Amino acid sequence: MNDELGGRAPVTDFRVSKVLGQPNETEMRLCVKPGTGRFDIYVASSATFDENEDVISAAVNQLEAARKTGYERLLQEHKLWWNEFWQKSYIRLSSDDGSAEFVEKHYTYYVYLMAANSRGGKYPPNFGGMLLSPRGDFRHWGAMQWWSNLRLYYNALLPTGHNELMQPYFDMYSGMYDSCAKAAEQQWGSKGIYIPETVWFNGVDELPEDIASELRELYLLRKPWEERSERFKQYAYNKHPHESRWNWKGHEKWVDGNLVYSDKGWGPFGSTTHMFWNIVGIAFHYWTYYEFTKDRSWLKERAYPMIKGAAEFLRNYPHMRKEDDGKYHMSNTISGEKYIGGKDTIQVMSVLHGIMPVLLKAAELLDADRDMRPVWEEFYLNLAPLPRSDHPEAVYRTKEGEEAIWVGALGQVLDDHRDISNDPMRDFILCSLETEKENPDWFRTGKATLAFQRDMLGGDWSKAVSEMSSVSVMLAGMGEAEAFKQAVLAQLECVNADREYCYYADTGKIKYYDNRLTVREGVNAVSAQRLGNVAHGLQLALCQSHPGVPGKEPVIRVFPAIPDGWDAEFSLWCHGGFKVTSAIRKGVVESIRIESTLGGMCRLRDPWNGSLIEFDTAAGETYSFNATE
């Protein structure tokens, strides 16, 4: 082992601190004796799933090509690439208290990290460590992709204009389509695609038919958990407990030389076993990509199969039923690793209300599935509403006379979780400022939910933020400028690290390193998730372009949640292929410039009087507005 000890010590646990792991067989260090003069170090790597491919030759060939090109030319190519990269979009902020510059610095760093970690590959980087794990693979949450974490890196990419950085994400999920279609059938007796919340890079294993049959009976509560067969128990024995399919497995430990595990006490339910919102979340990213690019080929070949697959899985889920009230309700699901076994859980109902109008619109655009469109429309129009506190079975009931707010589920849940919920205002932006025009009832409920949560926090939104929380996204989307500022600064400073970091003591009680990354998920799992959240929220505070409700026409709003005292200028991409550049100084929007890259109708909410401006555009033309007009 070539390390600072010159290979004189064994690879073992000899360090006092494990803050960044310890030397191990998965790492190699190159230690060069100091000397005079200059030398260049070239490093190349190669990987393949083809056992017949010579990865050593591939790596050496890359290295030799770089060496022959030479340092100076490589440097020039490097500079040119980054120069072109930064011309796509930008955000510039300033304020007397320095808070705006602080946020801008982290936003720019997020964009840089995504360029460095998500370009040119076939797969997205793992959320824990990305490509930056410096001491081997010691990530405590394993090598699988956890969508709830991964999404935080990709939510803010499309407004930057760097669509190419989304491709590894799309390639991975499209690549597992067939296995996920098989999993929907085998595991749940449903149609469409089942993408587990926690899944391997290449999808889900096909099950032996006898295991699949018993698994369905157990997971759909048709067979008592206590009556699992020995065959099923043995099959599950070696399965990874983090994988959603087997996530009912609890902690493993060695007893008398044998590895034993227990379940989590909820029968077939684990933290993510019956979690389905991620399936729609992934499909939503495909749809949003289409809305930004208007690429019909993409919609037909890549997006539509995912959108349809996600919607059909939920519509055909065996515990989706039309009840006596004439509404479709879904039972026995999980929302955000909570509300175990709940009915109409907030995440599932939110994504259903989000994906069905999108499916109908996509099918109409492509003139596809004419026979199914009436079926889908009937289902959508009769969906049960999002769970609210004024429902007699709500897990959280507001007092008489109080405004109704969104809650986590209806009925009794196995984990006895009782709380309000702001999910419709977060990940899919189902409720935002523009929603007031399209669905006033949703908007009122969203505002009431925010007010209720604010009061619970004593007006201090910093108490609500964590590494993964999308609080800044929610507040920006609803136009809460000062609350957004409070939340985003607290998130960047990791003010709640002591109570929300999983391994706070083990990592030296470090909130964030000098490189601004955190280790919330454990040793060596460096993370930029909070930077993704901040970037997404900041973009919404400066410029929104999503529709008021899914499936409707997008509307551009500039500076809907800009904090007092912040001057700002941005150039960001919007739905419809519009590149919007605008500036605000001392609270006054000075100008708006809209470049139409694709043509088509543009809808702009006038920042000076609030009216809706609609105008047809031609591709390549630029349209300007300023405060004097």
Side-chain angles (χ1 to χ4, degrees), residues 2 20 27-32 34-48 55-93 101 104-136 153-154 156-172 512-517 524 526-529 531-532 534-535 538-539 569-573 579 581 597:
N2 184 358
L20 284 178
E27 73 170 29
M28 179 62 71
R29 273 186 250 163
L30 175 64
C31 297
V32 181
T36 59
R38 166 181 168 168
F39 57 89
D40 298 331
I41 297 175
Y42 293 87
V43 181
S45 67
S46 180
T48 181
V55 291
I56 296 176
S57 295
V60 169
N61 289 340
Q62 288 185 64
L63 189 145
E64 283 299 307
R67 188 180 64 81
K68 290 177 181 178
T69 300
Y71 175 80
E72 292 301 330
R73 182 175 172 185
L74 288 173
L75 178 60
Q76 287 304 115
E77 292 176 355
H78 177 77
K79 289 181 176 179
L80 178 62
W81 190 93
W82 281 105
N83 185 56
E84 292 177 350
F85 177 85
W86 290 117
Q87 291 184 39
K88 272 280 188 178
S89 63
Y90 64 83
I91 289 176
R92 298 173 188 149
L93 306 174
E101 291 89 342
E104 180 202 322
K105 176 173 64 176
H106 285 83
Y107 173 83
T108 305
Y109 185 48
Y110 157 79
V111 179
Y112 163 77
L113 285 174
M114 292 308 296
N117 285 271
S118 188
R119 80 174 196 252
K122 295 181 179 179
Y123 303 98
N126 186 278
F127 78 90
M130 297 175 287
L131 302 181
L132 310 174
S133 291
R135 304 301 304 274
Y153 290 122
Y154 287 91
L157 275 185
L158 290 174
T160 70
H162 292 293
N163 301 337
E164 74 280 3
L165 300 183
M166 294 289 297
Q167 300 314 313
Y169 175 91
F170 291 134
D171 287 346
M172 181 182 74
Y512 51 85
Y513 294 115
D514 290 344
N515 62 7
R516 307 187 192 109
L517 303 182
N524 211 30
V526 289
S527 167
Q529 293 172 83
L531 301 186
V534 167
L538 178 60
Q539 290 167 346
E569 182 181 342
F570 70 83
S571 185
L572 294 170
W573 294 76
K579 186 177 182 181
T581 303
T597 63

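Everything numeric in this text was worked out from a predicted model, so none of it was measured. Below, all heavy atoms of this structure are taken into account, side chains as well, without hydrogens, waters or symmetry copies.
Among residues two or more places apart in sequence or in another chain, the salt bridge (Lys or Arg N to Asp or Glu O under 4.0 Å) test is passed with Glu104 by none. With sequence neighbours left out, Thr48 forms a side-chain hydrogen bond (donor to acceptor under 3.5 Å, both in side chains) with Glu53. Evaluation of the side-chain hydrogen bond (donor to acceptor under 3.5 Å, both in side chains) rule for Tyr110 yields no partner, not counting sequence neighbours. With sequence neighbours excluded, no residue forms a salt bridge (Lys or Arg N to Asp or Glu O under 4.0 Å) with Arg516. For Asn515, the side-chain hydrogen bond (donor to acceptor under 3.5 Å, both in side chains) criterion is met by no residue, not counting sequence neighbours. For Ala44, the side chain to side chain contact (heavy atoms under 4.5 Å, CB included) partners two or more places apart in sequence, or in a different chain, are Gln62, Leu63. Scanning for side-chain hydrogen bond (donor to acceptor under 3.5 Å, both in side chains) contacts around Gln539 gives Tyr107, with sequence neighbours left out. Taking the ring pair (Phe, Tyr, Trp, His ring centres under 6.0 Å) definition, one finds that Phe85 meets it with Trp81, Trp82, His162, sequence neighbours left out. Judged as a side chain to side chain contact (heavy atoms under 4.5 Å, CB included), and not counting sequence neighbours, the contacts of Leu75 are Tyr71, Glu72, Lys79.
Distance check, rounded to the nearest 0.5 Å: CD of Gln76 to OG1 of Thr69 gives 13.0 Å. The structure places CG of Leu531 at 6.5 Å from CG of Leu113, a figure rounded to the nearest 0.5 Å. Note: Met166 CE to Asp171 CG = 11.0 Å, rounded to the nearest 0.5 Å. The CG atom of Asn163 sits 8.0 Å away from atom CH2 of Trp573, with the distance rounded to the nearest 0.5 Å. To the nearest 0.5 Å, atom CD of residue Glu569 and atom CG of residue Leu93 are 10.0 Å apart.
At least one donor-acceptor pair under 3.5 Å links the side chain of Tyr153 to the backbone N or O of Phe127. A donor-acceptor pair is defined here as one N or O able to donate and one able to accept, closer than 3.5 Å; such a pair exists between the side chain of Ser89 and the backbone of Thr160.
Among residue pairs with one or both ends in residues 116-126, those qualifying as side chain to side chain donor-acceptor pair (under 3.5 Å) are Ser118-Tyr154; sequence neighbours excluded. Evaluation of the salt bridge (Lys or Arg N to Asp or Glu O under 4.0 Å) test over residues 59-71, restricted to residues two or more places apart or in two chains, returns Glu64-Arg67.
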Residues 36-43 side chain polar contacts: donor-acceptor under 3.5 Å, at least two apart:
| from | atom 1 | to | atom 2 | distance (Å) |
| --- | --- | --- | --- | --- |
| Arg38 | NE | Asp40 | OD1 | 3.4 |

*Decide side chain to side chain contact (heavy atoms under 4.5 Å, CB included) for Tyr90 and Thr581; before the verdict, give the C-alpha distance in whole Å, the side-chain angles of both, and the deciding distance to 0.1 Å.*
CA-CA 9 Å; Tyr90 64 83; Thr581 303; 3.7 Å; yes
*asked:* I'd like to know whether Leu74 forms a side chain to side chain contact (heavy atoms under 4.5 Å, CB included) with Glu77, so could you lay out the CA-CA distance, the side-chain angles of the two residues, the decisive distance to 0.1 Å, and finally the verdict.
replied: CA-CA 5 Å; Leu74 288 173; Glu77 292 176 355; 4.1 Å; yes
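Among all heavy-atom pairs drawn from Leu131 and Ala116, the shortest one is CD1-O, 4.0 Å. Smallest separation of non-hydrogen atoms from Ser46 and Ala58: OG-CB, 3.3 Å.
Glu101 and Lys105 are not joined by a salt bridge, as no carboxylate oxygen comes within less than 4.0 angstrom of a charged side-chain nitrogen.
When side chains are defined from C-beta on, Tyr109 counts as touching Leu517, because their heavy atoms get closer than 4.5 Å.
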